[in-house]
Every structure is written in structure tokens, then in C-alpha cells.
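Below, chains carry the letters A, B, ... as their sequence lines are ordered, and counting in each starts from 1.
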Amino acid sequence: MDALEIFEGHIKERLTSELASLGFEGDFGLERPDHEMADFALPCFQFAKRLRRSPQSIAEDLAARVSVDGHITKVWNDRGYLNFRVNEGLLGTMVVRDALERREDFGRGEPLDGRVLLEHTSVNPTGPIHVGRARNPLIGDTLARCLRMCGHEVTTEYYVNDVGKQVVLLTWGLEHLDEKDVAQADREKNDHRLVGYYQAANRLMESSPGVEKEIAQMTQRFEAGDPEVIAQVRRTVDLMLEGIKESLGAVNVFLDRYAYESQFILDGSAKEVVERLKRTPYCTLEDGAYFLNLEEFGVHGRDTRFFFTRKDGTTLYTTRDLAYHIEKFRRADRLMNILGEDQKLGQKQLTSALRILGFERAPECIFYSFVSLPEGRMSTRQGRVVYLDDLVDEAMERAYKEVCDRRPELDEGKKRGIARDIGVGAVRYNIIRVQAEKQLVFKWEEALNFEGNSAPFVQYAHARCCSILRKATDYNKGADLSVLTDPYERKLVWMLAQFPEVVRQAGEKRRINMLPTYGHELASVLNQFYGAVPVLRSEHQDARLCLVEATRWTLHNTLVTMGIAAPEEM
RNA sequence: GGGCGGGUGGCCUAGUCUGGAUAUGGCAGCAGCCUCCUAAGCUGCAGGUCGGGGGUUCGAAUCCCUCCCCGCUCGCCA
């Protein structure tokens, strides 16, 4: 239990007994108002009806009954609210000690039961990742980090779409086209280099019936499970994936496992799904193709028919995804998917089919809205696209210039390292800070913002703490912390105390945008403290150094759970 | 047309699940602050019909109804 939980539990306990003596039994809400106002507050409106008294008089009565004790230093009523101030010396001591002892584990929850399998990214391996799709790995990776911080055991997985006309087309192109037949790529990376082959093959297929036929035949052999063709396609997909992995690594995203869609054709499990679905009463055959009627699963209108085979009997994307999910059920207790909003219907069909097959479980999905450009939706075809690689390069370049301006004395390697931490951090932060469901318009000046609500702001506060700590060299970590009574100090303590709860809630509610919100607020409070309260050579130097170090770890841990580096200087 | 999701100062955004005291911050704008631990910072000013309208409630950005706008989706594609 973290410090704040102890205080909250204590107050609730005191209130339960006092409310009982007033004649109220049951649950009640305790709030965390604006810190200027109070630490905890009990709105007494909720009791007025049951007790047939005015909220004001209830609050007044309770204020007289609830006495001050070791945890509570002040109780008062204010317009129907019963307000509390807690013993900040005690809270501060508990929180700061906890942070100093646990350091990078401060805020980490106790190990939780149940293995989590989190699928994210899973972008089609037909070209480089653009910022429209980059939301997926960044949300997924951050959620994975956050859940791990909460105490969950998490495995992350990329579902590689190595089936279908697109990848076959790419494979054909790589086989038959020469380097001089395709457009010159701006980068040597595989994903950028190969996309030209895909585009050229696509054009050829559209103009030449012979090519179209070749590709159709290749696709048929693939669908039929021809191991040779499947292996061939997988080789090109792996080549593309190499580039994609590099892009992901650049923004600090590393997945534990890659699952190939073709696997479910090869091992027959997709076919098995088909056979099982055929035997259910929801299944109908039409023109050689099978579909499920999903009407009673809340899918209405034209969407009720979910086809799971073609007329030639081959499987479809969602059918193979079904086989994948059934296989995932065996490996984990809880499934989570990060998906684009265009996948909603597909997921609905998938979960309905799983129910029909008798599975009680379903994957928990987070759908994100697409990132568009001011000119409209991103489109590789129309050249209206910003690649993640370009965004990251630009961000690092910009950061490098800033570092050179501010810290000319640093050596080149250090400058580059800091620029990388800042640039990558800024990119991650800017995507993560917005709720997944909100549609986002990408603007360079916003993506490259290094001030205000941004990663560098939080990183800077962390570097400031480190700078003070570095200059202090040694200090008494056992200093008496009850001297931290200045308003700036108390505000900081209060912020630190929230951290474990923020992590817990961000994980439980799957609302990772709580992390940047908290990080910014904590950094802001540290900056205010920094400007107003001297630490080194001050009266309470050691106590303040303890506070600064506790803040340093909290900022560090907030950044790290967001997958952002916490540089010690910048 | 049906389904799902969004709509909060000029721009971006928190809060919405679980209704509470003056709606959170940032960017841009204006005015200040570096003989003192890094000014990627701090302080102040200005800026709001929480899309519109009804309802429920002692109390609504939050819950219910309705309408409007934007996005996604409605393939024997993936």
C-alpha cells in the first residue's frame, strides 16, 4: 500500500464510524479536491436525503466529531463539505523515504496474477511506417510499459500480415524487377528501398494482363498452402520487417514476438476454424462461400453477414485472425489489441465468432483514430505522407541544434546522445499525450515542440534535479523531513505521493495519457520549487536534497514508463 | 441511411467511466524575471454559450433524450 492509500484509508475509517453514529451506513465518496483547497474532502450532499438534514449541518456536525490525530491535522466544514488536511510531515517522510529506497521501482505495483498478451503495431509489411500508423506502436508500447509497472506480466506481439495480394505483389516485384525499374528511394533502409518495387509491380499488374495472371496464380498457390510460395513471400516480408523494426527501435519500441499470419494456413488451424464454424447454426452457404449471421450479436443492417470463406473455400483475413486469437488464448490469460478505428467491425465479427465457437473470453481492444495531415488523410499513393523515420530525424536534428546552442562545451558524442533522447522523447510524448480516440492532425510545429507540455519539459526538470544532486555530492539521506513545510515543498510532496496511484489508474483504465499529464504537472511543480526555494547551502539543505532526489526518481520513472529517456543533463 | 467514436478560449488539450466547491494545462499574444542550484524555466495579464436544445438532480462538461458538425465503417480485401 502506498502512502496516500494509507491516509485515505485512515480517513475513510474514521468517517465510517462517525457517519454510523449519525445514522448513515453504507458507502460514500471521498474526494481529492484542488490542493489549495484541501487534501481530502467529503461532500455531505450525498447524506442529506437519507439523514433528512442539510449538508451544511452534517458537515458542521462531523467537523466537531472528527478529531485531529496522527494522520489528520485539520478538519473543517465549508459550505457542505467536510475538508481535511493531512499530516504532511508524516506523508512527506513516508513518500520521500519510499522513493529514496526504491528508486526506479518507486511506484511499481506488487506482482499481479494473469499473463497479458498485448498485440500492437501489426502494420502491413508493404512499406515504411508513417506517422498516421505510428500511433499504434507508441500507444501499445507505452501501455505495455505501464502495465508492467503496475505489476502485470506482459508479452508484446506483432501480428505479421504475410498473406494476401499485397505481399505477393511485392514478392513478385522483387523477383522480376530490376533496381533501375523502380523509383530511387531516399533511404537505404529495406522498407524504403522495397516500397518502390511494390509500387512498380502494382503499376505493371494494372497495365499488363500477363503480369496480373502471374500474380493471381501465385496468390492461389499461396492460399492453397504451397509451402514454397509461402516461404518465398515470408522472406520478402522479413526483409521489409527488418526496416520496420529499425524504425520502431529508433522510437524505443521493441516487441517480444512476431507471429506470422501464414502460420495459420500452414498448420491448418485456419481451416479447422472454418470447419468448426460451418457446423454452427449461424452458418449459411451462399454461392459456395460461407458466412455467419451475426444479427443476434448486435450487428445490424448490411453488416450482419460475416463471410469466413471465399467461394473457392480459401480463408479470409478475419478467419485467420480467429485462428490466431484461439492460439493466443492458450498462451495468455488476458488479450489486448491496439487497433486502428477501421478495424472495429472486423473485431466485432471476430469476437462474435469466438462466442459462437464457445469461447467466453474476448480480446480487449483499444481503437485509435487516424492521424491526418492538414491537407487531408495520409496517402502514400498521393505522396501525402510523413514517415516516422523522417519525423524522428527531423526531431533529433532540431534537438541537436538546441543542444549546441545551450551547451556548446559538451563533446560531440554527448550532444548527439542528448539530442536523440530529446527528439525521440518529444515524438513519443506528443502522440501519447492525446486520448487514443481523438482524431489528430499532424503539424510539424506541434510535433517538434520542445517547450511547455512536452517531453523535454519533463526531461529538463529531471536534469535540473540531477544537476543539484551532482553538485551536492554527499548528504544525509536520513535527514529530518518534517522541516519541509514551505508551500512549494508541500506541493511537491503531494505530487510525489500521487505517482503510484497515477500508474495504477493509467494501467487499469488503459488511459496512458494520464502519464504525460502527470509528468508535466510534476515537472511544473518542481520548476516552481526550483525557482523559489534554494536547496544547496540552504538551512534545510539535506531535507531538501532528499526531496529533490525523490522527485528525480519520480520524474525518471514517469519518463521511463512512457518509454522516454531521462537524461541527467541537457 | 445504419453502426461506432470524437466536438471544451484563435489553435491543441485534461477532466466524462464513478455528477459536487472558482472547468486542467499548453501553444500563439501582451507585460515582467538570469551578479544566486541549467531561462527547454518562472511570474503576471488577456482569452470560455464545455457543439445546440430539452430533461433528471440540491448540484451536469460529466447521466438521459434529441438535433447539428467531423472522422471511421458497412468487400467472397487485408
Side-chain angles (χ1 to χ4, degrees), chain A residues 29 31 33-34 36-38 41 43-46 48-49 54-55 78-81 83 124 126 161 163-167 261 286-291 298-305 307-312 314 316-318 320-321 340-346 348 367-370 372 377 399 402-403 405-407 422 426 430 433-441 443 445-446 449-461 463-472 509 511 513-514 516-517 520-521 523-524 526-528 530-538 544 548 569-570:
Chain A
E31 299 189 345
D34 193 279
E36 307 280 306
M37 208 133 56
C44 296
F45 310 91
Q46 54 188 321
K49 202 169 253 175
S54 77
D78 182 8
R79 291 163 293 169
Y81 288 86
N83 288 335
N124 281 348
T126 48
N161 186 338
V163 178
K165 207 172 189 175
Q166 292 198 18
V167 283
E261 189 181 340
E286 184 189 86
D287 205 9
Y290 289 90
F291 70 86
V299 185
H300 302 293
R302 284 174 289 194
D303 310 341
T304 51
R305 283 147 42 117
F307 279 89
F308 60 95
T309 74
R310 295 195 184 87
K311 67 174 165 221
D312 64 2
T314 54
L316 285 139
Y317 176 79
T318 307
R320 298 182 294 265
D321 204 10
E341 59 179 339
D342 56 340
Q343 304 288 315
K344 277 184 191 174
L345 179 60
K348 178 78 189 158
F367 296 101
Y368 61 93
S369 295
F370 288 118
S372 59
R377 192 176 170 165
E402 291 289 330
V403 176
D405 275 2
R406 291 160 207 268
R407 306 295 302 279
I422 291 171
N430 265 295
R433 58 178 255 265
V434 183
Q435 282 182 27
E437 312 80 53
K438 257 186 181 140
Q439 48 207 54
L440 224 138
V441 178
K443 294 187 187 104
E445 65 272 26
E446 274 171 24
N449 174 33
F450 292 170
E451 290 168 358
N453 194 1
S454 70
F457 181 93
V458 185
Q459 291 171 315
Y460 186 65
R464 274 183 152 176
C465 293
C466 291
S467 171
I468 294 175
L469 262 8
R470 203 161 40 235
K471 292 201 160 108
K509 296 178 175 173
R511 294 267 276 279
N513 65 304
M514 289 178 76
T517 302
H520 177 255
E521 201 177 341
S524 175
L526 181 274
N527 281 331
Q528 288 160 33
Y530 183 94
V533 182
V535 176
L536 266 17
R537 294 171 300 277
S538 72
R544 285 178 182 161
V548 169
E569 60 179 320
M570 59 187 274

ask   = Which residues satisfy the ring-ring contact (aromatic ring centres under 6.0 Å, His included) test with A:Phe307, sequence neighbours excluded?
value = A:Phe291
inquiry  = Applying side-chain hydrogen bond (donor to acceptor under 3.5 Å, both in side chains), can you list everything that pairs with A:Glu437, at least two apart in sequence or on another chain?
reply    = none
note = Sorted by chain and number, sequence neighbours left out, side-chain hydrogen bond (donor to acceptor under 3.5 Å, both in side chains) with A:Glu402 holds for A:Arg406
query = For nucleotides 70-78 of chain B, read 5' to 3', which letter fits each nucleotide if B means a protein heavy atom sits under 4.0 Å from the base, S means only the sugar-phosphate is that close, and - means neither?
reply = BBSSB-BSB
Protein-nucleic acid N or O pairs under 3.5 Å, nucleotides 57-65 of chain B:
none

note = The side-chain hydrogen bond (donor to acceptor under 3.5 Å, both in side chains) partners of A:Lys49 (sequence neighbours excluded) come to none
task = Applying ring-ring contact (aromatic ring centres under 6.0 Å, His included), name anything that partners A:Phe457, two or more places apart in sequence or on another chain.
result = A:His520
Protein-nucleotides 37-39 of chain B N/O pairs under 3.5 Å:
residue, atom, partner, partner atom, Å
B:rC37, O3', A:Lys471, NZ, 3.0
B:rC37, O2, A:Leu536, N, 3.2
B:rC37, N3, A:Val535, N, 3.2
B:rC37, N4, A:Tyr530, O, 2.5
B:rC37, N4, A:Val533, O, 2.6
B:rU38, OP1, A:Ser467, OG, 2.1
B:rU38, OP2, A:Lys471, NZ, 2.7
B:rU38, O5', A:Tyr530, OH, 3.2
B:rU38, O2', A:Tyr460, OH, 2.1
B:rU38, N3, A:Met570, O, 2.6
B:rU38, O4, A:Met570, N, 2.6
B:rU38, O4, A:Met570, O, 3.3
B:rA39, OP2, A:Arg464, NH2, 2.6

inquiry  = For A:Phe45, give me all partners under ring-ring contact (aromatic ring centres under 6.0 Å, His included), at least two apart in sequence or on another chain.
reply    = A:Tyr81
ask   = Sequence neighbours excluded, which residues qualify as side-chain hydrogen bond (donor to acceptor under 3.5 Å, both in side chains) partners of A:Asn527?
value = A:Arg464
ask   = Using Watson-Crick and G-U wobble pairs whose two distances are both under 3.5 Å, how do you write the pairing of RNA chain B as dot-bracket, with | for links to another strand?
value = (((((((..(((.......[....))).(((((.......))))).....(((((..]....))))))))))))....
ask   = Once each nucleotide of nucleotides 22-27 of chain B is scored for protein heavy atoms under 4.0 Å, what B/S/- sequence comes out, 5' to 3'?
value = B--SSS
